[in-house]
Amino acid sequence: MKRPQRFKRLLKSDKTIETSESNEYHKARTALSSKSSTIKPKTKVKAQSQFRTQFDSISITHHLFLEESTILPPDFFQIDALDLAPLLLGKYLRRDDVVLQITEVEAYRPNDSACHGRFGVTARTAPVFGPGGHAYVYLCYGLHTMLNVVADKEGIGAAVLIRSCAPVSGLETIQQRRGMASEKPVLLSGPGKIGQALGISTEWSNHPLFTPGGLELLDGPKPEKILIGPRVGIEYASPEHVSALWRFAIADTPWISAPKNTLRPSEASITDSEKPSMEDKGGEGKKGVD
DNA sequence: GAAAAGATTAAA
DNA sequence: TTAATCTTTTCC
């Protein structure tokens, strides 16, 4: 079969990435082994081949979307964060040679006791109250840069936290920024890891995601099934917001952060939340079941 | 001006 | 289970 020229080029570059990845991987592995011998080379090689298999199986889909390089327009973001959050699943984040596919998100909204906007407009949270489509980046625990996508119209404090992604391209750069040679979900599952992999700092806060250059948000395939559950790490919030099911994830991917046991298929979860008669008053899954 | 807390991560 | 690490926000 004949493929368009652009598609050929992409395949070629993909192959180049994989080849150089193999070399770089060997170098990285050698360097890492000299520093610490905690991980056995045998394990690494196995993991590498697993990733390559997965990468190949999904690359066609990625190429079809990335070939068009469709940057999502500003209008796409001018909606409630609760509606925007699941729409971001499957979309791509791109910076330079690094492309990540969004696999897990959380919605933060107006009148939400867990939202950074709860204290009003401040120097840090000003972007949250701006028009949708910009980044909101903040430092967490003095260590981690967290990437959010600002939602809704100007004046409304709402955003969507990017919690996890799957690698699409630029694996070497991702591994270098993360400081690890892994290609398993530990590489990108967790909000702090996304900021690190994209190499962004708080200076990127308020950066527009709908203009070419810098950090971009591109259209991507809509996931077939999604999971929903309560948000992570917000125990300080009011009970209604702690239990709100505003966390969303792609159902059939390993690229999801912990805890995973609080996520349920969306249909079942919605049904449960609408049935107070069931014993879910205290918030199920709060304590680790696994 | 001081103090507490945090949308977390990696290692023990 | 716990240390790391520093900005933001609040309180006196």
Side-chain angles (χ1 to χ4, degrees), chain A residues 32 35-40 43 81-82 84-86 88-89 93 102-129 134-151 157-165 174-206 228-249 255-260 262-263 283 285-288 290:
Chain A
L32 194 70
K35 285 182 181 175
S36 93
S37 58
T38 54
I39 307 176
K40 299 170 187 171
T43 305
L82 196 54
L84 179 63
L88 290 179
L89 296 176
L93 285 165
I102 299 172
T103 54
E104 180 189 348
V105 297
E106 285 176 353
Y108 290 85
R109 312 170 71 202
N111 305 313
D112 174 4
S113 59
C115 182
H116 280 190
R118 66 186 181 278
F119 298 126
V121 180
T122 65
R124 178 179 65 155
T125 64
V128 179
F129 291 89
H134 295 251
Y136 167 54
V137 184
Y138 71 94
L139 193 63
C140 186
Y141 289 94
L143 298 167
H144 312 290
T145 54
M146 315 283 272
L147 172 64
N148 295 251
V149 176
V150 175
V160 177
L161 171 70
I162 309 299
R163 282 197 65 85
S164 294
C165 291
I174 296 170
Q175 291 174 329
Q176 189 174 2
R177 287 172 177 164
R178 289 278 295 116
M180 60 168 61
S182 174
E183 54 290 293
K184 290 186 279 190
V186 68
L187 187 67
L188 286 174
S189 56
K193 301 174 183 178
I194 302 306
Q196 190 178 20
L198 291 171
I200 58 175
S201 66
T202 54
E203 294 180 358
W204 285 77
S205 202
N206 208 35
I228 73 175
R231 295 173 293 179
V232 181
I234 58 161
E235 280 69 36
Y236 58 85
S238 64
E240 60 176 313
H241 295 142
V242 170
S243 60
L245 305 178
W246 294 350
R247 179 188 182 200
F248 304 86
W255 300 90
I256 298 180
S257 71
K260 297 180 182 179
T262 59
L263 290 166
K286 228 175 186 179
K287 304 221 169 181
D290 289 354

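Every chain is numbered from 1 and lettered A, B, ... according to where its sequence line falls, protein lines coming before strand lines.
Every residue meeting the ring-ring contact (aromatic ring centres under 6.0 Å, His included) condition with A/H116, not counting sequence neighbours, appears here in chain and number order: A/Y136, A/Y138. Listed by chain and number, the residues in a side chain to side chain contact (heavy atoms under 4.5 Å, CB included) with A/S113 are A/A237, A/S238, A/H241 (sequence neighbours excluded). A search for side-chain hydrogen bond (donor to acceptor under 3.5 Å, both in side chains) contacts involving A/D112 returns A/R231, not counting sequence neighbours.
Among the protein residues, A/R178 comes within range of the sugar-phosphate backbone only, with heavy atoms under 4.0 Å from sugar or phosphate atoms but none that close to a base. As judged by a 4.0 angstrom heavy-atom cut-off over every strand, A/T122 is placed among residues touching the sugar-phosphate backbone only.
A donor-acceptor contact closer than 3.5 angstrom links the side chains of A/R178 and A/Q196. Using a 3.5 Å distance cut-off with no hydrogens or angles, the side chains of A/T122 and A/T125 do pair a donor with an acceptor.
Between A/S205 and A/V137 the shortest heavy-atom distance is OG-N, 3.1 Å.
From A/L188, atom CG reaches atom CD of A/E183 across 11.0 Å, with rounding to the nearest 0.5 Å. A distance of 9.5 Å separates CE in A/M146 from CG in A/L139, rounded to the nearest 0.5 Å.
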Which dot-bracket string fits DNA chain B when only Watson-Crick or G-U wobble pairs with both atom distances under 3.5 Å count, crossing pairs get [ ], and | stands for a partner on a different strand? ||||||.||||.
Pair A/V149, A/V105 - check side chain to side chain contact (heavy atoms under 4.5 Å, CB included), show working. CA-CA 10 Å; A/V149 176; A/V105 297; over 6 Å; no
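Of all nucleotides in DNA chain C, those with any atom nearer than 4.0 Å to a heavy atom of chain A start and finish, going 5' to 3', at C/dA4 to C/dT10.
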For nucleotides 3-8 of chain B, print each protein N/O atom paired with a nucleotide N/O atom at under 3.5 Å, atom names and distance only.
from, atom 1, to, atom 2, distance (Å)
B/dA7, OP1, A/H116, NE2, 2.6
B/dA7, OP2, A/Y236, OH, 2.4
B/dA7, N9, A/Y138, OH, 3.3
B/dA7, N7, A/A114, O, 3.3
B/dA7, N7, A/H116, NE2, 3.2
B/dA7, N6, A/H116, N, 3.4
B/dA7, N1, A/N148, OD1, 2.5
B/dA7, N3, A/Y138, OH, 3.4
B/dT8, OP1, A/R163, NH1, 3.4
B/dT8, O2, A/H144, NE2, 2.6

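With A/S164 contributing its side chain and A/G190 its backbone, the two residues share a donor-acceptor pair below 3.5 Å.
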